[in-house]
Enquirer: 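Handing you a structure now.
In the text below, chain A, chain B and the rest are named by the order of the sequence lines, each starting its count at 1.
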Amino acid sequence: MNWINQIACNLINTAKMEVLILKTNIRYKKQVKTVAPLLDGRDNISRWNIDLEDIDKVLRIESNDIELTEIVQLIQDAGFHCEELAD
Amino acid sequence: MRIRDDNKIQAIREKAIDLIVAQGFDGFSMQKLAKAANVSPATLYIYYKDREDLIMQIWVESFKKMADISLKNFDPNMSFSEGLRVQWMNRAKYCMKHPEQMQFMEQLRHSPLQVKAIEVMGAEFKKAMRTFVHNAIKRKELVKLQVEVYWSIAFAPLYNLIKFHFEGKNMGGDKFALTEKTLDETLKLVIKALTP
């Protein structure tokens, strides 16, 4: 039964949660470390990760009520390229 | 706001398993999967954090399905021979119905992700199997063995026959197809070997 609850919770969470998918040029772990404090410090970001293995170096953000432009600005201010990964 | 689409997830999952079974883990990437599943990479990232997260989530789903089918009509308090029979038939049914999932799980077992896969293995399934074995030992229907030895006798013959079945031939290259009769005969020998 446990996993059923877990899936139910996940569904409820995903319903409230917005996922932002961005393309970046963040290529190394060291660079991830420089943007980490900027993203960790935000209450409206519940989880984020950068997939360094991927060609688009995808920054994935699970958030409540955060504007895409805000994130783009944040990452660009840190000196990296960042844009929405289009569908 | 993007909406979670379960049909889409199902299609992605199936395509991922097909790709991994056909080409292995090495060449498998989010980009490749997106192309094969006819979705954008952005869509994949809605549902999965990265390649590893995707593989592990698919593993969890496959394992759940296997555990569900395997526990159907099974009670850990069954007699050893009856319980093992139900396990054999259920597991064989799962493998026949979902050969690609079985193959995928087998591949994962031989990959570096194996350790993580064991961590997320269903507790309910593990508990049912453990209780079943303990009960059978207590009732003196099963010899007390090292768990690896027990598994190698109780289940490895089943999986090996299934492997021959999918290859369509045995170790010598002769044609082979698994039947219920063969399963029954083998199971009888297995139970004989494990009875004190």
Enquirer: Membership question, hydrophobic clusters at under 4.5 Å side-chain separation (ILVMFWY): are B:Ile17 and B:Leu44 in the same one?
Expert: yes

Enquirer: Kindly compute the distance separating CD1 (A:Ile55) from NZ (B:Lys32), expressed to the nearest 0.5 Å.
Expert: 13.0 Å

Enquirer: Of all the heavy-atom pairs spanning A:Ala86 and B:Ala42, show the shortest one and how long it is.
Expert: O-CB, 3.9 Å

Enquirer: Are there more than 12 heavy atoms of other residues, nucleotides or ligands under 6.0 Å from atom NZ of B:Lys35?
Expert: no

Enquirer: Give a yes or no on this: more than 12 heavy atoms of other residues, nucleotides or ligands lie within 6.0 Å of atom CG of A:Asp43.
Expert: no

Enquirer: Do B:Ile46 and A:Ile21 make a side-chain contact, defined as non-hydrogen atoms from C-beta onward lying under 4.5 Å apart?
Expert: yes

Enquirer: Less than 4.5 Å apart, side chain to side chain, heavy atoms only: is that true for B:Asp50 and A:Glu53?
Expert: no

Enquirer: Please report the shortest heavy-atom distance between A:Asp54 and B:Met30, naming the atom on each side.
Expert: OD1-CB, 3.8 Å

Enquirer: Report the distance from atom CG of A:Asn49 to atom OH of B:Tyr45, rounding to the nearest 0.5 Å.
Expert: 8.0 Å

Enquirer: With a 4.5 Å heavy-atom cut-off (strictly below), which parts of residues 30-38 of chain A touch chain B? List them by number.
Expert: none

Enquirer: Do you reckon A:Leu20 sits in the same ILVMFWY cluster as A:Phe80, going by side-chain contacts under 4.5 Å, direct or chained?
Expert: yes

Enquirer: Are B:Trp151 and B:Leu194 grouped together when hydrophobic residues (ILVMFWY) are joined by side-chain heavy atoms under 4.5 angstrom apart?
Expert: yes

Enquirer: Do other residues, nucleotides or ligands put more than 12 heavy atoms under 6.0 Å from the CD atom of A:Glu67?
Expert: no

Enquirer: Do A:Asp56 and B:Gln31 come within less than 4.5 Å of each other through their side chains, counting heavy atoms only?
Expert: yes

Enquirer: Are a donor atom and an acceptor atom from the side chains of B:Thr43 and A:Asp87 found within less than 3.5 Å of each other?
Expert: yes

Enquirer: Could you list all the side-chain hydrogen bond (donor to acceptor under 3.5 Å, both in side chains) pairs where at least one residue sits in residues 88-104 of chain B, not counting sequence neighbours?
Expert: B:Gln87-B:Arg91, B:Arg91-B:Tyr159, B:Tyr94-B:Gln101

Enquirer: According to a hydrophobic-cluster definition based on side-chain heavy atoms being under 4.5 Å apart (Ile, Leu, Val, Met, Phe, Trp, Tyr only), do B:Phe28 and A:Leu52 belong together?
Expert: no

Enquirer: So for atom CZ, which belongs to A:Arg27, do other residues, nucleotides or ligands contribute more than 12 heavy atoms lying within a distance under 6.0 Å?
Expert: no

Enquirer: Are more than 12 heavy atoms, taken from residues, nucleotides or ligands other than B:Asp26, located less than 6.0 Å from that residue's CG atom?
Expert: no

